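Treat the numbers as computed from the prediction; the structure is a model and nothing was measured.
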Amino acid sequence: MDQVKEIIKGIKSGQTAPIYFLMGEEPYYIDKISEYIEQNVLTEEEKGFNQMVLYGRDVTIPEIVSNAKRFPLMAEKQVIIVKEAQELARTIDQLESYVGQVQPSTVLVFCYKYKTLDKRKKVYKAIEKTGVIFESKKLREYQIEAWLKKHLTSIGYDIEPKALAMLVEFLGTDLSKIANEINKLTIILPKGTQITGEVVERNIGISKDFNNFELIKAIVDRNQLKAYKIANYFAQNTKNNPIVLTMGLVYSYFSKLLLYHGLKDKSSTNVMKQLKVSQYAIKDYEIGFRTYKMKQVSAIIAHLKDIDLKSKGVGAQAMPHADLLKEMLVKIFN
């Protein structure tokens with residue numbers, strides 16, 4: 001993210017702001033910026049007397065302000081980091097008076113996770129004028145592949161499309177979780193290595209042959225034997241392969257395939273924009289377009305909704321996952 005780079009670049013050059021208000025739904029970048037400040041603004045010798053980590057549930061705004069107003073000891077700066085600052089949401093307006101008269105030698109950092117400060121508030125406008133406000137927005141599912149590939153490239157690794165899809169499916173949209181798993185791989189893999197499906201399977205525990213990515217690919221290719229093998233594996237390993245996730249992903253594919261059928265402009269750029277998919281997924285929609293007619297897709301979507309209700313016990317007795325998955329494939333391949 002460009003703003004993150006700019007903030008870190010400013011800190012590296014010694015141009016620290018008196019206050020950093022880091023907020024938003026995605027904690028990954030909030031942690032990255034606060035960790036960088038914690039590790040790099042002061043020297044190890046200066047940190048003992050001049051660096052303080054507080055927690056929102058344990059302090060009040062007046063206590064934070066009192067600490068922020070003091071002068072550093074044998075250093076040019078002091079750093080105060082307030083973690084879990086969202087716990088102070090009800091009283092955050094009290095910060096306005098300090099922001100109007102900040103202590104220039106203090107670097108005050110608020111980690112305000114999972115929430116945002118109302119932009120209409122006076123305190124927001126005051127911080128915006130005096131310091132740095134950073135909003136960390138959660139990435140959409142279709143943005144994760146591009147983010148992960150860019151992240152890997154930045155640290156010297158490549159990844160094949162299949163392995164990329166496996167990681168996104170298994171790890172979801174939690175950037176911290178994704179980064180932690182990637183860190184595990186970088187410990188054992190030299191820079192310049194291409195991360196393959198085999199590497200992911202061996203080190204992260206995702207089956208390269210039996211996963212939702214491979215199931216959807218089998219459905220797209222109308223490879224019935226492979227699809228039924230994967231469904232059988234899922235039925236025997238329900239804990240790691242919840243039917244809710246499988247149904248959701250299959251439904252998502254056919255819903256987007258229906259949209260694809262309706263697109264006049266089927267260029268890669270427009271498909272990515274309209275369907276909210278990565279460039280690696282476009283081929284699946286091109287093949288699906290040739291394999292499944294529009295009426296078939298509409299009928300499949302209706303069947304999937306019915307099976308989803310059955311999986312939740314609506315209108316039918318609870319059915320085993322094996323039977324539901326089999327019914328799903330029968331309706332698709334009919």
Side-chain angles (χ1 to χ4, degrees), residues 1-9 22-33 36 113-114 134-186 189 191-201 203-204 206 208 211-217 220 245 248-257 259-260 263 265-289:
M1 188 178 284
D2 292 340
Q3 191 183 356
V4 176
K5 291 179 181 178
E6 285 299 312
I7 291 171
I8 290 177
K9 183 180 177 181
L22 315 175
M23 63 183 191
E25 290 296 319
E26 178 51 68
Y28 177 77
Y29 288 114
I30 294 174
D31 289 338
K32 280 292 177 186
I33 296 170
Y36 188 84
K113 294 180 178 179
Y114 314 113
F134 169 72
E135 183 177 352
S136 187
K137 296 180 180 179
K138 204 157 189 70
L139 295 185
R140 305 279 187 178
E141 283 185 26
Y142 70 91
Q143 297 173 309
I144 295 296
E145 284 191 7
W147 180 88
L148 179 51
K149 187 170 177 61
K150 187 176 180 181
H151 174 68
L152 285 166
T153 300
S154 71
I155 58 176
Y157 292 85
D158 188 23
I159 186 168
E160 65 175 18
K162 178 178 178 178
L164 185 62
M166 288 167 63
L167 286 172
V168 171
E169 178 205 318
F170 186 74
L171 300 174
T173 59
D174 186 331
L175 297 189
S176 297
K177 185 178 179 181
I178 294 171
N180 285 338
E181 293 298 333
I182 293 303
N183 286 340
K184 292 177 186 177
L185 294 180
T186 60
L189 299 175
K191 282 192 175 183
T193 300
Q194 184 185 53
I195 298 171
T196 63
E198 286 78 9
V199 168
V200 171
E201 180 178 37
N203 296 286
I204 299 182
I206 311 169
K208 67 180 177 64
N211 56 68
N212 286 306
F213 171 75
E214 288 296 330
L215 176 63
I216 292 173
K217 188 175 185 301
V220 171
L245 177 60
L249 291 171
V250 174
Y251 179 83
S252 176
Y253 171 77
F254 280 104
S255 296
K256 289 176 180 177
L257 181 58
L259 289 175
Y260 185 90
L263 291 178
D265 177 5
K266 289 183 170 61
S267 65
S268 296
T269 303
N270 193 52
V271 170
M272 290 169 64
K273 180 181 178 182
Q274 299 299 327
L275 270 61
K276 301 291 189 291
V277 296
S278 71
Q279 65 184 72
Y280 307 107
I282 293 174
K283 186 178 178 182
D284 289 338
Y285 292 94
E286 292 173 345
I287 297 172
F289 175 72

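- Closest approach of Glu169 and Phe213 over heavy atoms only: OE1-N, 2.8 Å.
- For the pair Leu164 and Leu148, the minimum side-chain heavy-atom distance is below 4.5 Å.
- For the pair Leu215 and Leu249, the minimum side-chain heavy-atom distance is 4.5 Å or more.
- In this structure, the side chains of Ile182 and Ile155 come closer than 4.5 Å at one or more pairs of heavy atoms.
- At distances below 3.5 Å, not a single donor-acceptor pair connects side-chain atoms of Lys208 with backbone N or O atoms of Lys162.
- Shown here for Thr186 and Asn183, the closest heavy-atom pair between the two residues is OG1-O, 2.8 Å.
- When the shell of 6.0 Å around CD of Glu160 is examined, it contains more than 12 heavy atoms from other residues, nucleotides or ligands.
- Inter-residue side-chain proximity for Tyr28 and Ser136 is flagged as unmet; no heavy-atom pair is nearer than 4.5 Å.
- Remark: Lys217 NZ is loosely packed, at most 12 non-hydrogen atoms of other residues, nucleotides or ligands lying under 6.0 Å away.
- Residues satisfying the salt bridge (charged side-chain N to carboxylate O under 4.0 Å, His left out) test with Glu26, not counting sequence neighbours, are Lys138.
- Once rounded to the nearest 0.5 Å, the distance linking CD1 of Ile7 with OH of Tyr29 reads 11.5 Å.
- The nearest pair of heavy atoms linking Phe134 to Ile33 is CD2-CD1, 3.7 Å.
- Judged by distance alone, with hydrogens and angles left aside, the side-chain atoms of Lys266 form a donor-acceptor pair with the main-chain N or O of Tyr260 at under 3.5 Å.
- Ser154 places a side-chain N or O within 3.5 Å of a backbone atom of His151 that can act as its donor or acceptor partner.
- For Asn270 (side chain) and Asp265 (main-chain N/O), a donor-acceptor pair under 3.5 Å exists by modelled atom type.
- In this structure, Lys32 places its NZ atom where only 12 or fewer heavy-atom neighbours from other residues, nucleotides or ligands lie under 6.0 Å away.
- Screening residues 177-186 for salt bridge (Lys or Arg N to Asp or Glu O under 4.0 Å), with sequence neighbours left out, gives Glu181-Lys184.
- Considering only heavy atoms from C-beta on, Leu257 stays 4.5 Å or farther from Val220 through its side chain.
- In this structure a side-chain-to-backbone donor-acceptor pair under 3.5 Å is missing from Tyr285 to Leu275.
- With contacts defined as side-chain heavy-atom distances shorter than 4.5 Å, the pair Glu214/Asn211 qualifies.
- A distance of 7.5 Å separates CH2 in Trp147 from CG in Leu139, rounded to the nearest 0.5 Å.
- Inter-residue side-chain proximity for Asp284 and Val277 is flagged as unmet; no heavy-atom pair is nearer than 4.5 Å.
- Qualifying salt bridge (charged side-chain N to carboxylate O under 4.0 Å, His left out) partners for Asp158, counting only residues two or more places apart in sequence or in other chains: Lys149.
- Closest of all the heavy-atom pairs between Ala163 and Val200 is CB-CG2, 3.9 Å.
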